[in-house]
Participant: 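Before I ask anything, let me first share the structure, which is written out below as structure tokens.
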Protein chains: 2
Amino acid sequence: MAQVETDDSKMNRTADQDIGEAVDDAVLRRFLGHHLRRASNFVQSDLARSLKDVDLRMITMSVLTVIVEHRGLRQSQLADALQIERPNLVSILDELEDRKLVERTRVPTDRRAYALTPTAAGEALAAKASQAVRAHEDRVFARLSASERSSLQDLLMKVYPGAEG
Amino acid sequence: MAQVETDDSKMNRTADQDIGEAVDDAVLRRFLGHHLRRASNFVQSDLARSLKDVDLRMITMSVLTVIVEHRGLRQSQLADALQIERPNLVSILDELEDRKLVERTRVPTDRRAYALTPTAAGEALAAKASQAVRAHEDRVFARLSASERSSLQDLLMKVYPGAEG
DNA sequence: TATTGTTATACTCTATAACTATA
DNA sequence: TATAGTTATAGAGTATAACAATA
């Protein structure tokens, strides 16, 4: 595959580069992981932009969404579900609480813990965010047919552990 | 799809959560982008681990690989090819130069620029890294057949712009 | 004036140790 | 002792402005 080169051919290419040849990352593109990363970065960038309309970041959207879906859950459960470290959750919840989207209330049966519940505004914003994400997905996966999207999801779920498949 | 709930049903679920119900991110899993991110993160984590064997990070591996493939290129070309900001390249190249893997030499025809060339050690390490990446890909995509990997690549290349398809 | 490489800086994301209050 | 939430902190990764040398 890789062709053996003499020192001469190498030096010629060096000279060519000086003149201003096109440079690409073709070697890296041989790797499937490269395309996976590129696609993921592209989609995430677009999602981040979309969520700005509802003044949420990806992580705050995820946190708010899970709280809406599992009202009353604790911070440790939330951290487990989203695979984020407990300390990093604190400022996220502070922000959502300051914005009156989420409430922390003491659990009577375990006074160490907080139960997390969305406010009405929080539920409304989660719904708006969900809509924004759906619009974003339609846009960003527009070049894939419904069956291609389904195949892509199946293939991706075969790659990482934890996704049943 | 989403079922309308009464306040009562919500409060019941709140109580259930207190007892310690399973919490998941099922809502988020409805989104294709979620699986794309999860798969990408999983693969990148494994790649980062694999590259530790050759004492490279993902970015230093990419930089070294492109320099080997395009010997004599300039920093600005490299930054363009890898889509990283020029300032962030400096410390990466400092590291590779300190480790005698890459050399910066003045371009005679444009004394502002540096031509980047790999040393023999740099080429050797790039080859080892490439092998490590191939082993990593075989491991991490083990559950996909050759044709599934090919489909996955085709689908991913349809998602992000710049990948011809 | 514009460009190459550089410095300084800042912001996000992520990870860990150690504290407090409860259990 | 162990756990829930918190604080402080540190390390990546990434982005921008501004500078010196050169074109």
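Quick note on labels: first sequence line is chain A, next is B, and so on, each numbered from 1.
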Participant: Please tell me which of Ala113(B) and Ile59(A) maps to the more 5' nucleotide of DNA chain C, matching each residue to the nucleotide holding its nearest heavy atom.
Facilitator: Ala113(B)
Participant: Evaluate the criterion side chain to side chain contact (heavy atoms under 4.5 Å, CB included) for residue pair Met58(A) and Gln44(A); output intermediate values, then yes/no.
Facilitator: CA-CA 8 Å; Met58(A) 219 149 17; Gln44(A) 283 189 246; 3.3 Å; yes
Participant: Can you tell me how far P of dA15(D) sits from CG of Leu89(B), to the nearest Å?
Facilitator: 14 Å
Participant: Measure from the side-chain heavy atoms of Arg112(B) and tell me the nearest of dG5(C), dT22(D), dG13(D).
Facilitator: dT22(D)
Participant: Just the rounded figure in Å: distance from P of dT6(C) to CG of Leu78(B).
Facilitator: 12 Å
Participant: Could you state the atom-to-atom distance from CD of Glu95(A) to P of dC13(C) in whole Å?
Facilitator: 10 Å
Participant: Whole angstroms only, please: what is the CZ-P distance between Arg74(A) and dA23(C)?
Facilitator: 10 Å
Participant: Does Arg111(B) get its side chain close enough to the base of dT22(D), under 3.5 Å, for a donor-acceptor pair?
Facilitator: no
Participant: Over how many whole Å does the gap from Leu47(A) atom CG to dC13(C) atom P extend?
Facilitator: 12 Å
Participant: Which whole-number value in Å describes the distance from Arg49(A) CZ to dA15(D) P?
Facilitator: 12 Å
Participant: Taking only side-chain N and O atoms of Ser76(A), does any of them lie within less than 4.0 angstrom of OP1 or OP2 on dG5(D)?
Facilitator: yes
Participant: dT6(C) phosphate, OP1 or OP2: any side-chain N/O from Gln75(B) under 4.0 angstrom?
Facilitator: yes
Participant: May I ask you to check whether Arg134(B) and Ser130(B) show a side-chain donor-acceptor distance below 3.5 Å?
Facilitator: yes
Participant: Report the distance from atom NZ of Lys52(A) to atom C1' of dC11(C), rounded to the nearest whole Å.
Facilitator: 12 Å
Participant: Is Arg106(B) touching bases, backbone alone, or none of the nucleic acid, heavy atoms closer than 4.0 Å?
Facilitator: nothing
Participant: Take the protein atom CD1 of Ile84(B) and the nucleotide atom P of dT4(C), then report the distance between them rounded to whole Å.
Facilitator: 15 Å
Participant: For a 4.5 angstrom cut-off between non-hydrogen side-chain atoms, does Asp25(B) reach Ser62(A)?
Facilitator: no
Participant: Rounded at 0.5 Å granularity, tell me how far NE2 in His34(B) sits from CE in Met157(A).
Facilitator: 9.0 Å
Participant: For the side chain of Asn88(B), starting at C-beta, report the closest nucleotide among dA23(C), dA8(D), dT14(D).
Facilitator: dT14(D)
Participant: Would you indicate which nucleotide in dA15(D), dT6(D), dT7(C) comes nearest to any side-chain atom of Arg86(A)?
Facilitator: dT6(D)
Participant: Do Leu64(B) and Val102(B) have side chains that approach each other closer than 4.5 Å (heavy atoms only, starting at C-beta)?
Facilitator: yes
Participant: Does OP1 or OP2 of dT6(C) have a side-chain N or O of Arg104(B) closer than 4.0 Å?
Facilitator: yes
